[in-house]
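Input: a single structure, listed below in C-alpha cells.
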Amino acid sequence: MILAIIIIILLAVSLIVLFSRSRKTMNYVTVLHSLSIILIYSYLLLRFNLPISVLKNNYLMLDAFSIYEILIAGIIFLLAAIYAEGYIKSLIHEKEFNKTNIKLFYLSYNFLLFSMVLVFSSNNLALLWIFAEITTILSATLIVTLNAKENIVAAMKYVFITSTAMLFSFIGLIFLFAASKSVNGVSTLNWDVLFSISQQISPQLLFFSFIFMFIGFAAKSGIVPFHTWLPPSHSKAASDVSALLSGVVLNIGIYAIIRMYVLIAPTSMGPAASIILMIFGILTVAVASLSMLVRTNLKKLIAYSSVENMGFMLIGIALGNMFWVLYYILAHALVKALLFFSAGIIHRQSGSMKAGNIKDILKLQPLACFGLIIGSIAIIGTPLFPIFFPKFYILTSLAQSSLLLCLLVLFFLFVAAGSFIWLIINLTTFQGKEKIEKYRIYLSMKIPIIILIVILFILGVYFPQGLQNLLKIITLKLTGN
Amino acid sequence: MVLLITAVFLILLLSIVIPLIGLKLKHSSLRKISLILIMLACLISIFLSLQVLLGKDISFQIFVSGTAFSMLIDSLAAFFIIIISIVGFCVSIYSISYAEHFESVKKRNFLVSLMALFILSMMFVVISHNLLGFLFFWELMSISSFLLVLFDYEKEETKKAGIFYFVMTQLGTIFLIFSFILIYINTGTLDFTNTSLSPFLSSILFITLAIGFGTKAGMVPFHKWLSYAHPASPSSISALMSGVMIKVAIYGLIRFLFIISQQQLWWGIAILIFGTISALLGIIYALKEQDLKRLLAYSSIENIGIILISIGLYMIFTYYSLPAIALVALFAGLFHAFNHSLFKSLLFMTAGSVVNATHTKNIEKMGGLVKNMKYTSLLFLIGAISISALPPFNGFVSELMIFQVFFKSNSISSPLIKLILMISMSLFALTSALAAACFVKAFGIVFLAVPRSKEAKEAKEADKFMLVGPAILAILCMVIGVFSFQILNFIGEKAGVSFDLPNLLWISIGTFIIGVIAYLIIRNIGNKHSRVSETWGCGINSQNSKMEYTASGFSEPIVTIFSSIYQPKKINKPTFYDSKGVIFKEGQASLSLIKFFEEYLYLPPLKMVHYISEKLYKIQNKIDLDSFILYIFLTILALLIIVGVVIR
Amino acid sequence: MISFFLFAIVNILVVLILAPFYISLIKKVKALFQGRKGPKLFQAYYNLLKLFKKESIYSTNSSFIMRVAPYINIICSIVAILFVPLLFIPDNYFGFGNIILFLYILALAKFFMALAGLDAGSTFGGMGSSREMSISSIIEPIVIIIFATLAFVYNSVNFFEIFGATSVGLVHASLWLLLIPLIIVLLTETARIPIDNPETHLELTMVHEAMILEQSGKNLALMELSSGVKQVLLMAIIINLFFPIGFNLPLSLIGIGTSLIAFLIKSIILAISIGIIESFIAKSRLFRLPIIFAIAFLLSLITLMMEMLL
Amino acid sequence: MNPVLIDELLKISLVLLVILTTIIISRRNLVSLINVYSLHSLVLSFIAILFFLSEGNYTFLFAAALTIISKSVLIPILLRWTKWHMKIFTDIEYHYLKPVSSIFVSLLIIIFSFFIFSKIKDYLGLSSLYYFGVIIGFSLVMIGFMIIFSRRKIIVKIIGYLVMENGVVLLSLFIGEMPLLIEMMVLMDLLVLVAITCILGFGMDSSMEEFHKKLNPFHNWFNRRAKK
C-alpha cells in the first residue's frame, strides 16, 4: 500500500516534469516530492509499530534503521531542491545549463530520490544491490547534466569503478544465497531472516560473502582503495548535486556495510571482520587526511573530507559503537550539505574553486563565507556542533581496543583540521586588487544555508530526546546492547 | 548560589547575542549595553568566588546535548574565576572606546560578542568538573580566541598568525583528548576522580597533559604561536588572551596534577627545567623584539616559565613529602599567576592605546609619547615596575616567595636535585634582572626622549575609558603589592600555610615618612628655581631624534653577551664607486637573529608531511581510469589472500 | 620599639655622614698611587654643598622621570640603610632586613636611574643605561647565589639574624671563599675600575657616570650621595660578615661609640684596599666583563655546593 | 537426456568458455572482439539450457533465452553502433599488460581462485563439476576485471565489464539458481548500464588520455615548460 502511494507520487511528478514548460513548476514539484516523502515516512515512524513489510514476500520492509536513513535522505533532498531553484536559475543565466538538460536534471533528481527510498526500504539484499546500481546510474547522469566536458570523464570513472566493484558484491550475494540454503533448506536473501539465522550459517562462508559484499559497498561509500572516483566527481559536479552525493548517496555504502556487519558480528568470524573494517577505516582516514593537506580547490578538499569521515564511520562500525555512528551519519550529512551549498555560492561568485582566483569573498558573499567557516569548524569536531560528541565517544572506544591507533587517528584528524583551516583562511581573506561586482544570489539559495546553520547549532547544544530514543531502538535491534 | 551562576551565564549569553542583533546598527549603544552586561557578570562572579573562597564549594550539573556535565567551584576554580572576572571587567571598560577604533560597524559588534563568548567559555572551563565538559568549553575557548586572532584579517601577517595559532591549539587539543580518553578508560567515569595507573601509563598521561596544556600556556618548545597570535589580535583581546587564557591552561595543568595519584620525581624536574628554559628564552627573545606587542607576548612566556618553575617546585617538594614548603611553592605560583594577569593585561591595554595613537607597533618609530600621553605612560610605568618585580608592587611579592622556596631547598635529601634547584634559581634571578632591563628598554624607548616619527609627535592621549580600565588594574597592582603580607596571612590561616614574608605595609609607610622628611630637607637646602635648556650634545645645538638611542641599540650589549643563544648573523652588502672597492657608494646592512624553533623544530616535520601528501596526491590524481582499477584489482587480490589465510 | 627607633636614627646619620668621606678617600688613595697630591679628604662634602646651592637644569625633551628619579634614588638608598645594621642589632625589626627586598630596592633605584638616563634623549644617557642594565642583569645570579649560601649556612633570609649569628663568632670557614665574589659585586655595584671608570667623562669607559650626565644642581648631588650610601652599605655588609670584631656590643653610649670607632677603622682599611685594587687593575673592555662574572659565579656556586652537599 | 551426457557437455562448454576468454584477451582489432563476445554469451546460454535439461526448472530456460536476446544480440548491436559513431580505428592500445603477459596473468588467476575456493569447498556442498564451474565463473570475473585496466579504449573496457557480467551469471548458475525476478532485474540494469557507458563513451570518443589532451591542450604544453 505504501509502495503504491510512492509510485503514484513518482509517476505524477515525472509526468509533470516531462510536460511542463517552465523550470519553476518542475522545481516546485520536486520540492513537493521530497516533502511528501518526509511526511509519509515520519508519519509511518510515529504511527506504526515497526517493522512494516511492504510487499507480500517482504522483499521490501521498513524498520527503524531504514526509516531513519530515509528521513536523512529526505531532508537533504528537500534542502537541495530548495537550493536548486536558485542555483539552476543562475546556471541557466550563465548559459552553463541549456534547456534540454533541465528536464534530464529534474527527472533523474526525482528518480534518484525514489531509488534512494527503495534502497533503504529493501529487505532483500539482491534488491538492495539492484537499487544501489540504479542510484549509481542516476547520480552519474546528474553529474553529467552540467555539460562541462570533464564532467563526462568524472562520471565515467564513477560508473566504472562503482559498478565493477558492485559486481563483486553480487558474487558475495550469491555465496550468501548458497550459504543460507544450508540452514533450513529454503535459501533466502531477506535480511530479517538472515539476521535471525546468522548464528547457524557456517561462519567461514559468511565471512567469505562479507568480504565480497564489503568490496562492492566500500566502493559505493568511497573507502580508500576504491575512493579514487569521489574527489573528481564531487568537485566537478554542480554543488547542488555534489551535496546530494556526499551527504546521502555515500550513506548507502555505509548502510549496507552496517547491515552486513551486523550479520557477521555475533559469529565466530566477527572479530576477523571487524579487524578488516578497522584496517580499511584507518587507511581511509590516513590517506584522505594526508592528501587534503595541499589542496587549493575547495570542493576537492570537501570531497576528501567526506572520504575521511566515511573512514571514521567505518572505524566506529568496526568497534561496534553503533549509537554514535548513526548520530555521526546524520551530523555528517547536514554539515556536508552546508559546506557544498556555500561552496556553490562562492563558485557562482568567483567562477572558479581555486584558492588563487577567489577574491575578497568575505565582503561580497558574507553569508556563504559564514556558512563555510561554520561548516569547516563543525566538520573538524569543535564543541558547539554535533560532530564533537560522536567523535569523542568513537575515539574512546578505539582507545579501549588500542591506545596507539587512537593516537594515530587523532594525528590524522589534526592534519585534516589543519589543512581545512589553512584553505578556508586563505580563501576568505584573499584580497583582490580590482573592484569585483557582487553576484546576485537568489534568496532560495540562502534559505537552506540559514536553515542548516540553525539546525547545526541546535543539534550541537541540544540532543533531542526523540532522536535519542530512535537511535537507541536501532542500536538495540542491530547489536542488542 | 546556583541561581547566581545561571544569572552569570544568562547575562553573558545576552551580551553575546545583543551586538549580533544590531549587526548593522551605526551607533554604539548596543555594544555599550552588552559591555556593561559583561561587567555586571564579572562583578557577580567575583562576589560568587569570594563566597566560595570563604564558604563551601558549589557543585551543580548542566545538560548540554543530552550529556550531563557536572560542575564544581572549589577554591582553586574560584581563584581563577576571580582572575578571569577582574581582567574581564577592566578589559570591557577598556573596549568601550577601544572597539570604536575599528572602521566597519560589523567588526565592532563582532568584537564585543566574540569577547563575551571568550569570557563565558573561559569561566566554564574553570568550573567544569567533567572531562567532556572541560574539553567542550576548552575547544569553545580555542575557537572563539581563534576567530578573535583572525580579527583584522586584511593584513597578511594576521592570516599567518591565525593559521599558526589554530594548528598549535589543535595540536594541544589532540594531546588533551588523548589524555582524557586515557583517564576515562581507567576511571570509567567522566568526572574528575583521581586515577591510579601503572607507572608507564601514568607517565604517558603526564607527558600528554604537559604537552596539551604546555602548548596552550606557551611552554618553550610550543611557545612560537604566542609571539605571532598576540601582536595580530586586537589589544583588548591579547590582554585577555595573555592575561587570562594562559592562566586557564595553568589551571588545567594544576587540576589534573591533583588527579594523578602516584607522581614520579622526574615529572617535577621536567616541569622545573622547562619552566626555567621558557623563562630564560622568553625574556631573551623579548629583549631583542622591536614589535611592542610581540615583546609583551614573549614576556608572557617568561612569566609562564616562572609559574611553571613554582609548580615544578611544588611537585618536587611533595615528592620529598615536605608539604609546608610545597604549599608555599604552589601559592607562590598561583599568586604570580594572579599578579601576572593584572600587570600583563594592564601593559597590553596601554600598549593598545599607544599602538592606536601612533598607528604602528614598531617601537623604533615611537618615542616621546610621555609628553602628550601622560596618563597612559604613567600606567605603563606602573605595569613595567610591577612586571620587573620591583618592591612596592605585586610582581615583587610572588618572586620573593619563589626565592624563599628556593632558599629552603636545603632540606631536600638528594644532592643532585639540590644542584638542579640551585642552577634554576640562578637562571631565575638572571631572568628577573633581564626582565627589568627589557622593560626599561620598552618604557624608555616608547615613552621617553624625542619622538622618532611624525605620528609619535602628534599622538593624542587615549580617551576616557581606555584609561579607566587600566587604571583599575594599576591601583590593584599597588594595593595587592603593599597589602600582600596581610592578604597572604589571611589565606595562609585558611589553608594552614605560613609564609614568612616581610611586612611590605610597614616598609612602604617607613619609605613614605622618610620620603617626606627628605623632600622637605632638600627643598629648603637646595636651590629653589630650575631652568629648561638644550640637552648636552657635545656642542651640536640641534638635537634631533636620529642621535637618540634606539631599541636595537639598547639591547645590543645583551645580544652580544648572549650571542650563543641569539646566533646573530650580520649581513652587509656594500657597493663601491671604483673596482678596487675603495670609495664606498652605498650599502645595506642587516642583523638577523636565528629563529631556532621555527627553522629546526616546527618546519622539518611540516615539510615531511607536505612531501608525503604531495606524493600521495600524485598517485590518486591520475587522469586515466586504468591505474585506479589496477589499485582495486590489487586490493581485491590482497583481500582474497587474507580470506584464504583466515579461513582454515 | 625604642631600640629600633634609635637604630634607625643612628644608622641613617652615620651612613649619610660617612658616605662622601669614602668617595674622596678612595680618590685620595688613587691620586697618591699616581704620584699626585689628590683632593682634600673632605672635598666630596664641599662638592655636595656647592651642588645643592646651584640651580638644576632640565633638558627640553625630559619628562617627569628626570625630576622624580633623584628623589627615588635617595629615598631608596636611605630605606636600604635600615636593612643593613652597621653598629648594633635592634631587638625587633618590623620586617626590615630581608635580603631579597634589600636587593630589589637597590634595583628599583637603578631602574629609575636608567630611565632618567634615557629620558634626556642624548646618546650618552642611552648608552649608559643600556650598559648599566646589561651589566646589572649579569651580576644578579652571582648576588643571589652569594645570599643563598648565606641563607643556607645561617638558614635565615634576614640581615639582622645573619649579622646576629656572625657577631657571635660563628664565622663559617667556607664563607671566606665568598669574599672574592662579594668584592667583585661591590666593585660592580659602586662602578669601580675594572667594570666602570667613575672619574672620566669619556663615553668609552663611563657607565654609571653617563646616566647622571644630564642631572645638574641638587639632583646631581642627590645622585652622588645615593651612590655613596650604596657604597657604604656594601662595605658594611662585607665588614660585618667577615670582620665582626667591634660589632653589636651591649647597648650603651660607650658600646655604640666603640663599635662606631671600630667600624670607622675597618671601613677606612677597606676603602684604602679598594683604592689600591683600583689603581692596580686597568679597566677591562665591556664584553670581557662576562668572563670576570663567570669566574665569580663559578666560585660562589662551588662554595654553595660545598655548603649544601658536604 | 541422460545425466552423463549433460555432464560431458557441461565440461566441454566450460573449457570452450575459457578458450573464448583467452581469445578475447589476445584479440587486436575491435570488430572480431565483439563477435567473440557474442559467441561467448551464446556458450553461456547453452550452459543454461543444459542446466534446464538436467534439473527441469523453467527459470533456467527463461534465463538462457534472456541471455541470448540481450547479450549475444542486443548489446553487440549497440557496441557496433557506438564503434561506428566513434570512428575509432581497429587498433586497441594496451596499458600495463601486453596480450601475452595478460594470458599468463589469467592463468595465474585461475590457479589462484582454485586455491581460494578449495578453502570453502566443503561448506558449499557442491559436486566436483559444479565446483569446477564456480572456479571458472570466478576466474572469468577476475579476467574481465583485468581486461578493464589493461586496455585503453573505453569500448574494450565495456567488453571487459560484460565478460565479468558473464562470469557472475555463470557463478550464479552453478551455485544455486537465483529467483527469476532477480535475474530479470540484473539483466535490465546491465542493459541500462551499458547504454549509459556507450553514450558517455560516445561523448569521449576513444580513450581518456586523448580526451583529456583535447580538453585542455595547454595543460601539457605548460607542464613541458615547467619540467624543462
Side-chain angles (χ1 to χ4, degrees), chain A residues 153 156-157 160-161 164-165 168 204 207-208 211 214-215 219 225-229 231 269 272 276 287 290-295 362 377 380 382-384 386 388-389 392 395-396 399-400 403 406-407 410-411 413-415 417-419 421-422 425-426 428-429 431 459-463 465 468, chain B residues 63-67 106 132 135-140 142-143 146-147 150 153-154 156 158-159 162-163 166-167 170-171 173-175 177-178 180-182 184-185 201 204 208 609-610 612-614 616-617 619-623 625 627-629 631-632 634-636 639-640 642-643 646-648:
Chain A
V153 173
M156 174 62 87
K157 273 187 205 160
F160 246 95
I161 292 175
T164 40
F168 280 95
Q204 284 72 11
F207 179 71
F208 195 78
I211 291 295
F214 172 72
I215 295 170
F226 314 97
H227 74 296
T228 38
W229 57 269
M269 295 303 276
I276 287 181
V287 168
L290 276 178
S291 47
M292 268 165 87
L293 196 58
V294 276
R295 295 283 63 68
L362 202 55
I377 287 178
I380 289 161
T382 35
L384 267 182
F388 172 72
F389 287 100
F392 181 78
L395 281 172
T396 332
Q400 252 137 12
L403 279 180
C406 178
L407 198 63
L410 265 172
F411 172 70
L413 290 182
F414 161 65
V415 169
S419 45
I421 283 299
W422 181 79
I425 292 183
N426 280 343
T428 41
T429 55
Q431 302 301 314
L459 258 184
V461 177
Y462 163 66
F463 197 167
Q465 200 50 32
Q468 225 166 353
Chain B
F63 284 87
V64 171
S65 75
T67 47
K106 261 196 284 202
L132 206 52
L135 198 61
F136 187 91
F137 291 106
W138 179 268
E139 283 209 30
L140 191 63
S142 333
I143 285 300
F146 163 65
L147 292 176
L150 259 180
Y153 56 85
E154 285 84 11
E156 178 57 24
T158 332
K159 198 165 31 172
I163 296 172
F166 184 83
V167 168
Q170 219 39 31
L171 185 73
T173 328
I174 298 181
F175 281 102
I177 293 175
F178 184 71
F180 285 176
I181 289 173
L182 207 57
Y184 177 51
I185 294 168
L201 267 184
I204 290 180
T208 43
V609 172
H610 257 281
I612 296 171
S613 84
E614 206 59 58
L616 215 56
Y617 184 68
I619 307 168
Q620 289 171 24
N621 192 15
K622 294 237 175 16
I623 301 146
L625 181 64
S627 45
F628 298 153
I629 304 279
Y631 302 150
I632 298 175
L634 296 177
T635 19
I636 291 171
L639 267 173
L640 287 178
I642 294 168
V643 163
V646 165
I647 297 175
R648 282 289 165 282

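This is a predicted model, so every value here is computed, not measured. A, B, ... follow the sequence lines: proteins, then strands. Residue 1 opens every chain.
Heavy-atom distances place both the backbone and the side chain of A/Phe414 under 4.5 Å from chain B. Of the atoms belonging to B/Leu171, heavy atoms from both backbone and side chain fall under 4.5 Å from chain A. Of the two parts of B/Ile143, only the side chain, counted from C-beta on, holds a non-hydrogen atom closer than 4.5 Å to a non-hydrogen atom of chain A. The contact between A/Ile276 and chain B is made entirely by side chain atoms (from C-beta outward), counting heavy-atom distances below 4.5 Å. For B/Ile629, the part lying near chain A is the side chain, with the backbone staying farther off; criterion is any non-hydrogen pair under 4.5 Å. For A/Ile215, the part sitting under 4.5 Å from any heavy atom of chain B is the side chain, from C-beta outward, and nothing else. Within the 4.5 angstrom heavy-atom criterion, no atom of B/Ile619 approaches chain A. Contacts of B/Leu201 with chain A are made by side-chain atoms alone, with heavy-atom separations under 4.5 Å and no backbone atom involved. Interface residue B/Leu135: backbone and side-chain heavy atoms are both found under 4.5 Å from chain A.
Of the listed residues (A/Gly418, A/Ser419, A/Pro386, A/Ala399), the greatest number of heavy-atom pairs within a distance under 4.5 Å of chain B belongs to A/Ala399. Among B/Phe180, B/Phe175, B/Phe146, B/Phe137, the residue with the largest count of heavy-atom pairs under 4.5 Å with chain A is B/Phe146. Of the residues considered (B/Val609, B/Ile636, B/Ile612, B/Leu147), B/Ile636 shows the highest number of contacts with chain A, using heavy-atom pairs under 4.5 Å. Heavy-atom pairs under 4.5 Å with chain B peak, among A/Ile161, A/Leu290, A/Thr228, at A/Thr228. With chain B as the partner, the residue from A/Ile377, A/Leu293, A/Leu395, A/Ile425 showing the most heavy-atom pairs under 4.5 Å is A/Ile425. In terms of heavy-atom pairs under 4.5 angstrom with chain B, the leader among A/Phe392, A/Tyr462, A/Trp422 is A/Phe392.
Within the 4.5 Å cutoff, side-chain heavy atoms of A/Leu384 are placed close to those of B/Leu140. Side-chain contact check for B/His610 versus A/Val294: some heavy-atom pair is nearer than 4.5 Å. With contacts defined as side-chain heavy-atom distances shorter than 4.5 Å, the pair A/Phe168/B/Leu639 does not qualify. Put simply, the side chain of B/Phe166 does not reach to within 4.5 Å of the side chain of B/Leu150, judged on heavy atoms. Using a 4.5 Å heavy-atom threshold, the side chains of A/Met269 and A/Ile211 count as separate. Contact annotation: the side chain of A/Ile421 never approaches that of B/Gln170 to less than 4.5 Å [non-hydrogen atoms, C-beta and beyond].
The minimum heavy-atom distance between B/Phe178 and A/Cys406, with the atom names listed, is CD1-SG, 4.1 Å. Considering all non-hydrogen atoms of both residues, A/Ser291 and B/Tyr617 come closest at O-CD1, 4.4 Å.
The backbone N or O of A/Ala219 sits less than 3.5 Å from a side-chain atom of A/Trp229, completing a donor-acceptor pair.
Relative ring orientation between B/Phe136 and A/Phe388 is described as perpendicular, the plane-to-plane angle rising above 60° on a 0-90° scale split at 30° and 60°.
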